[in-house]
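In the text below, chain A, chain B and the rest are named by the order of the sequence lines, each starting its count at 1.
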Protein chains: 2
Amino acid sequence: MNALFKALSHPVRRRIIAMLRAGPLASGDIAAGFDMSWPTITGHLNALKEAGLVSPEREGQTIRYRLEISAVEEAMAFLMDIAGTGETAEVPSIAQKAPRR
Amino acid sequence: MNALFKALSHPVRRRIIAMLRAGPLASGDIAAGFDMSWPTITGHLNALKEAGLVSPEREGQTIRYRLEISAVEEAMAFLMDIAGTGETAEVPSIAQKAPRR
DNA sequence: ACCCTAATTAGGGGGATAGCTAATTGCAAG
DNA sequence: CTTGCAATTAGCTATCCCCCTAATTAGGGT
């Protein structure tokens, strides 16, 4: 849970996650989308992997990263519990605030 | 968004949030729930405030912190967007090569 | 075996974080 | 004004995070 939210706290990592929504991508393809060195991206991918948000698969000489939705859901579950909306079936468009004294 | 997830990435801060679910609490009452110095807790409260997750209200000589559900929902919205089947969402424009297969 | 590409690991510098103790501010009451 | 309680700010140290370049591992092709 710790590493999970921490991974989500960096804009580059959030953008990587957004990229992977469409499907798995090779490390190099991800790195190409940023104006940073490839090793730096590798570091972010490791952080995401540590958080359980992505998983690597070797495929020849390339390595593809796949988004792990279950980790996203885990974070979501925590937030729902806080927000007081225990149901996953419905999206509450109106949220009630805690009663003000 | 950045400070928001970062605030959530620390166990003490998550526990503070959980404590505030039931209703606003004074800084001292929060600090009493942890085995750390009060100033340290003040620091965590500042981080939460910066993230928009809590807001302080002075009441006499005590200061009560109230949970801001809207910030929680903001984080939840991001995660739902990711967990959703990735149809409509802010797609980061990336230099994307043809999917290698 | 050799070389080329893909990707990671190693190492280092600079800045942010987390914890502490000590000092300070803000309020209320005497 | 002084005292007392609540809470924060100041100042410090140790650790972690982010980014870089250089070196290394791993596979595939010739």
### Query
Tell me, do Leu4(A) and Leu8(B) make a side-chain contact under 4.5 Å, heavy atoms counted?
no
### Message
For a quick test of reading the model, state the closest non-hydrogen atom pair linking Leu53(A) to Ala71(A) and the distance between them.
### Response
CD2-CB, 3.8 Å
### Query
Considering only heavy atoms, which members of residues 39-54 of chain B lie under 4.0 Å from some atom of DNA chain D?
Pro39(B), Thr42(B), Asn46(B)
### Query
Toward the 5' end of DNA chain D, which comes first, Arg58(B) or Gln61(A), by nearest nucleotide?
Arg58(B)
### Task
Determine the contact category for Ala31(A): base if any of its heavy atoms lies under 4.0 Å from a base atom, sugar-phosphate if only primed atoms, P, OP1 or OP2 are that close, otherwise nothing.
nothing
### Message
Ring of Phe5(A), cation from Arg14(B) - is the NZ or CZ under 6.0 Å from the centre and inside 45° of the axis?
### Response
no
### side-chain contact (heavy atoms from CB on, under 4.5 Å) assessment of Ser27(A) paired with Leu45(A)
CA-CA 8 Å; Ser27(A) 176; Leu45(A) 285 171; 3.8 Å; yes
### Query
So, does Arg13(B) use its side chain to make a donor-acceptor pair with the main chain of Ala7(B) at under 3.5 Å?
yes
### Query
Within a reach of under 6.0 Å around CD of Glu57(A), are more than 12 heavy atoms found that belong to other residues, nucleotides or ligands?
yes
### Summary
First and last nt of DNA chain D near chain B, cut-off under 4.0 Å to heavy atoms, 5' to 3', are dG4(D) to dT9(D)
### Query
What are the residues of residues 6-19 of chain B, sorted by number, that bring a heavy atom to within less than 4.0 Å of DNA chain D?
none
### Query
So what does Thr62(B) touch, heavy atoms closer than 4.0 Å: a base, only the sugar-phosphate, or nothing?
sugar-phosphate
### Message
If I compare all heavy atoms of Ile30(B) with all of Met19(B), which pair ends up nearest, and what's the gap?
### Response
CA-CE, 3.9 Å
### Query
In terms of ring plane angle, is the pair His10(B) and His44(B) parallel, tilted or perpendicular, where the classes change at 30° and 60°?
tilted
### Query
Cluster question for you: counting only ILVMFWY and a side-chain heavy-atom cut-off of under 4.5 Å, with indirect links fine, are Trp38(B) and Leu25(B) together?
no
### Task
Name the nucleic acid region contacted by Tyr65(B), choosing base, sugar-phosphate or nothing; use a 4.0 angstrom heavy-atom cut-off, strictly under.
sugar-phosphate
### Query
Looking only at heavy atoms, which two atoms of Ser9(A) and Lys6(B) are closest? And how far apart?
CB-N, 3.4 Å
